**Q** 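Take this structure, written in structure tokens, and hold onto it; I'll ask about it next.
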Amino acid sequence: MSIQAPYQRLNPEEAVSHIFDGATVAFSGFANAGAAKVVPRALAAKARKLHEKGRPFKVRLLTGASGGSDIDEALAQARAISWRAPYQSSATLRKQINNQEVEYVDMHLSHVSQTVMSGFFGKVDFAVVEATEITPDGRVYLTTSVGASPTYLKCADRVIIEINRYHSPRLREMCDVAMLPTPPHRNPIPIHDVLTKLGWPYAVVDPRKVVGIVESDEPDYVDMPEVGNGFIQKIADNVLRFLFDEMLNGRIPQEFLPLQSGVGSIINGVMGALGKNPYIPQMQIYSLVLQDSLIEMMEQGKVVAASGTSLALTPEVLKRVYRNMDFFIPRIVLRPQEISNHPAVIRRLGVIALNAAIEVDIYGNVNSSHVYGTNILNGVGGSGEFTRNSFLPIIMCPSIARRGKISCIVPMSPHVDSNEHSVQVVVTDQGLADLRGLGPMQRARAIIDNCAHPAYRDYLYRYIHRSRVGHIRHNLRECFELHRNLIEHGAMLPDLDLTGISEN
């Protein structure tokens, strides 16, 4: 596609010369897909040069979700970030956040656009958005993610467009860009099927705001899916058995329900098992991130439709999609994240949500983002939105970690992302606890008996018996004893005989 006037062509250094210390900069990108690439690298180089001269330079950073190596990691290594929202997955940035060097706002991803539009984050000074084309009248055809880019293009004072020649121009045929008006002028979102479209194949920007065009020709840097441990197959078997029983008992219709899948090795393992099981019918996906496993299931005919906000595929799988766009375009829709994660749509479609956790407490409260309740890993992402609003939320984690030094079932979670009122099913390699209709003590027994590792069950029952009697029983002197032991001694139960205990 040719770039036409009135847009000025810039090299990356010229583009970042406009960005000043303290600016709020919003980049395109969601789960490393569709992320700006050459401009953030140039911005990191600018920061390093200014720091070498003793001059300050940091920006406030927004994306749709994680920004990958060119945004989060490059800018964090250059110590160029002062504030970050709404999600991150960078090792360097994570360390800076946990050291209180960077202020981090971890938030539900469907809330981002409304928060920005309402001005709660202040003014957005610059938006840097990757596209396959921008037209003279301001239509911006995005690449492999929609995310929050339409909002950033609308709200930013100035805009830089990265035209990436690597990506297929036909991605626009998958895109469905619709923006919600501000309250109270909202109508119901008319999505009644996974493939329903209600918007346009492009985002829009005021051409007068466009500082210029920077060109690139690079793939998305999406990592290979994680390879799971042996416990993942046991988790997958437990999930499959449960879903099949739900179908037999008529609680899930025979045509099945749309699935949402999070990210990580457990999710990949479970989705792979669903794809191979002949008793699970053809599936539709209503999710955030569409990953390699879903593309393979689509090629095999197991997944017939998929909606998300990000096509986060490894380069080889993305090439397969680009070579066969006639097959994939009718089966995939890419939406803004405020639509892909919208509670009303999730509830209307009756989504089955599959998400992973760091730990779950004995009453079903889920921590998916913090270690020890203090140190951030990545963030809550979209898991809270789907867990809270889906027809059937399923939370998965191993029963133990570090060869038994850690129990992933604990008395009280020191940080809660999804609480007991939202979580219906908990699954580990040990078994499955169906919490629907159970009171607190019944939930505790179901989780301990079915999900906790046998080495920790006696401790968890002793904890209950030592706890103050109430609607929910807790011992406030001992509720975090396991976490304190882990910090002080390197194991939750230092005297536990770990001989023969394995996560496989």
Side-chain angles (χ1 to χ4, degrees), residues 108 231 235 238-239 241-243 245-246 251 260 262 264 266-267 270 343 346-347 351-373 380-401 406-454 456-457 459-465 467-476 478-483 492:
H108 297 302
F231 69 84
I235 293 175
N238 292 331
V239 172
R241 191 178 304 113
F242 172 73
L243 293 177
D245 286 345
E246 290 295 287
R251 289 186 288 266
Q260 175 261 339
I266 293 177
I267 302 298
V270 171
I346 295 168
R347 188 165 294 190
V351 172
I352 299 172
L354 301 168
N355 287 288
I358 295 171
E359 61 190 355
V360 180
D361 76 21
I362 57 175
Y363 299 109
N365 297 293
V366 171
N367 170 22
S368 59
S369 62
H370 286 74
V371 177
Y372 312 122
V380 66
S383 64
E385 294 160 320
F386 279 90
T387 299
R388 175 69 182 88
N389 297 289
S390 64
F391 175 79
L392 184 58
I394 300 174
I395 297 294
M396 300 167 289
C397 65
S399 60
I400 55 172
I406 294 174
S407 173
C408 299
I409 305 299
V410 296
M412 180 187 284
S413 178
H415 179 90
V416 175
D417 293 295
S418 293
N419 66 34
E420 59 179 306
H421 306 295
S422 301
V423 176
Q424 295 183 14
V425 178
V426 175
V427 188
T428 71
D429 49 291
Q430 297 298 316
L432 180 145
D434 183 350
L435 307 178
R436 293 173 293 182
L438 303 185
M441 290 309 302
Q442 293 172 314
R443 295 166 73 92
R445 293 188 186 98
I447 290 173
I448 295 171
D449 290 344
N450 296 294
C451 298
H453 192 278
Y456 283 88
R457 287 176 190 164
Y459 175 88
L460 294 170
Y461 269 120
R462 286 198 303 272
Y463 171 80
I464 291 174
H465 295 149
S467 296
R468 181 179 181 274
V469 175
H471 178 235
I472 296 174
R473 297 180 65 154
H474 270 306
N475 184 325
L476 297 183
E478 299 179 11
C479 58
F480 299 132
E481 181 180 44
L482 294 183
H483 297 89
M492 285 188 164

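Nothing here was measured: the structure is a model prediction, and the numbers come from that model.
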**Q** Mark yes or no for whether Asp429, through its side chain, and Ser399, through its backbone, hold a donor-acceptor pair below 3.5 Å.
**A** yes

**Q** A side-chain contact here means heavy atoms from C-beta on lying under 4.5 Å apart; do Tyr461 and Arg445 qualify?
**A**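 Counting from C-beta outward, Tyr461 and Arg445 do come under 4.5 Å.
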
**Q** Side chains of Val360 and Ser413, heavy atoms from C-beta outward: is any pair under 4.5 Å?
**A**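 Contact flag for Val360/Ser413 side chains = no.
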
**Q** I would like to know whether Leu243 and Ile394 meet side-chain contact (heavy atoms from CB on, under 4.5 Å); could you show each step before the answer?
**A** CA-CA 10 Å; Leu243 293 177; Ile394 300 174; 4.1 Å; yes

**Q** Evaluate the side-chain proximity of Gln260 to Ile346: yes if any heavy-atom separation is below 4.5 Å, no if none is.
**A** no

**Q** Looking only at atom types and distance, does a side-chain atom of Asn355 sit under 3.5 Å from a main-chain N or O of Ile395, one as donor and one as acceptor?
**A** no

**Q** If every non-hydrogen atom of Ile235 is compared with every non-hydrogen atom of Cys397, which pair is closest and at what distance?
**A** CD1-O, 3.6 Å

**Q** Would you give the length of the straight line joining atom CD of Glu359 to atom CE of Met412, rounded to the nearest 0.5 angstrom?
**A**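 Between Glu359 CD and Met412 CE, I get 12.0 Å after rounding to 0.5 Å.
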
**Q** Got a donor-acceptor contact below 3.5 angstrom from the Arg457 side chain to the Ile448 backbone?
**A**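 Yes, because the side chain of Arg457 sits within donor-acceptor range (under 3.5 Å) of the backbone of Ile448.
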
**Q** Let me confirm one number: the CZ-CD distance from Arg462 to Glu478, rounded to the nearest 0.5 Å.
**A**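 Here the interatomic distance stands at 10.0 Å.
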
**Q** State, to 0.1 Å, how close Tyr372 and Pro414 come at their nearest heavy-atom pair, and which atoms those are.
**A** C-CG, 3.8 Å

**Q** Holding to salt bridge (charged side-chain N to carboxylate O under 4.0 Å, His left out), I want the full list of residues that pass it with Arg468, two or more places apart in sequence or in another chain.
**A**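 Arg468 satisfies salt bridge (charged side-chain N to carboxylate O under 4.0 Å, His left out) with no other residue.
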
**Q** So do the side chains of Gln430 and Pro454 get within less than 4.5 Å of each other, counting heavy atoms only?
**A**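 They are in contact (side-chain heavy atoms under 4.5 Å apart), so the answer is yes.
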
**Q** Is the closest side-chain heavy-atom distance between Val425 and Phe242 below 4.5 Å?
**A**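 Of all side-chain heavy-atom pairs linking Phe242 with Val425, at least one is under 4.5 Å.
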
**Q** Could you tell me if Tyr459 and Glu481 have a donor-acceptor pair between their side chains, going purely by distance under 3.5 Å?
**A**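 Yes.
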
**Q** Determine yes or no for a side-chain-to-main-chain donor-acceptor pair under 3.5 angstrom, with Arg241 supplying the side chain and Leu432 the backbone.
**A** no

**Q** Less than 4.5 Å apart, any side-chain heavy atom of Ile267 and any of Met396?
**A**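 Yes, at least one pair of side-chain atoms sits under 4.5 Å.
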
**Q** For Val410 and Met492, run side-chain contact (heavy atoms from CB on, under 4.5 Å): C-alpha distance rounded to whole Å, both residues' side-chain angles, the deciding distance at 0.1 Å, then the answer.
**A** CA-CA 10 Å; Val410 296; Met492 285 188 164; 4.1 Å; yes

**Q** Considering all heavy atoms of both residues, which atom of Pro398 and which atom of Cys408 are nearest to each other, and what is their separation?
**A** O-CB, 2.9 Å

**Q** Taking all heavy atoms of Gly364 and all of Leu435, pick out the closest pair and write down the distance.
**A** CA-CD1, 4.3 Å

**Q** Distance-only, no hydrogens or angles: does the Asn238 side chain make a donor-acceptor pair with backbone N or O of Thr428 under 3.5 Å?
**A**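 At least one qualifying donor-acceptor pair exists.
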
**Q** Using side-chain contact (heavy atoms from CB on, under 4.5 Å), reason through Ile266 and Phe231 one step at a time and then give a plain yes or no.
**A** CA-CA 9 Å; Ile266 293 177; Phe231 69 84; 4.0 Å; yes

**Q** For residues Tyr463 and His474, is any side-chain donor paired with an opposing acceptor at under 3.5 Å?
**A**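 Side-chain D/A pair, Tyr463 to His474: present.
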
**Q** So, taking the atom named CG in Asp417 and the one named NE2 in His108, what distance separates them when rounded to the nearest 0.5 Å?
**A**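 It comes to 8.0 Å.
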
**Q** I'd like to check Val423 versus Asn365 (side-chain heavy atoms, cut-off strictly below 4.5 Å). Are they in contact?
**A**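 They are not in contact (no side-chain heavy atoms under 4.5 Å apart), so the answer is no.
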
**Q** Return the minimal non-hydrogen interatomic distance between Ala356 and Ser368, and the atom names on each side.
**A**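 Scanning both residues, the minimum pair turns out to be O-CB, 3.9 Å.
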
**Q** Rounded to the nearest 0.5 Å, what separates atom NE2 in His453 from atom SG in Cys451?
**A** 13.0 Å

**Q** To the nearest 0.5 Å, what is the distance between NE2 (His465) and CG (Asn475)?
**A**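 That separation rounds to 13.0 Å.
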
**Q** side-chain contact (heavy atoms from CB on, under 4.5 Å) between Tyr363 and Ile472: does it pass, once the steps are laid out?
**A** CA-CA 8 Å; Tyr363 299 109; Ile472 296 174; 3.5 Å; yes

**Q** Quick one: does any side-chain atom of Asn367 pair with a main-chain N or O of Ser369 as donor and acceptor, under 3.5 Å?
**A** yes

**Q** Out of curiosity, Glu385 CD to Ser390 OG, how far, rounded to the nearest 0.5 Å?
**A** 11.5 Å

**Q** Taking the side chain as every heavy atom from C-beta outward, state whether Val380 and Ser418 have any atom pair closer than 4.5 Å.
**A** no

**Q** Please find the pair of heavy atoms, one from Ser422 and one from Pro393, that lie closest to each other, and give the distance.
**A**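 Taking every non-hydrogen atom into account, O-CG, 3.2 Å.
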
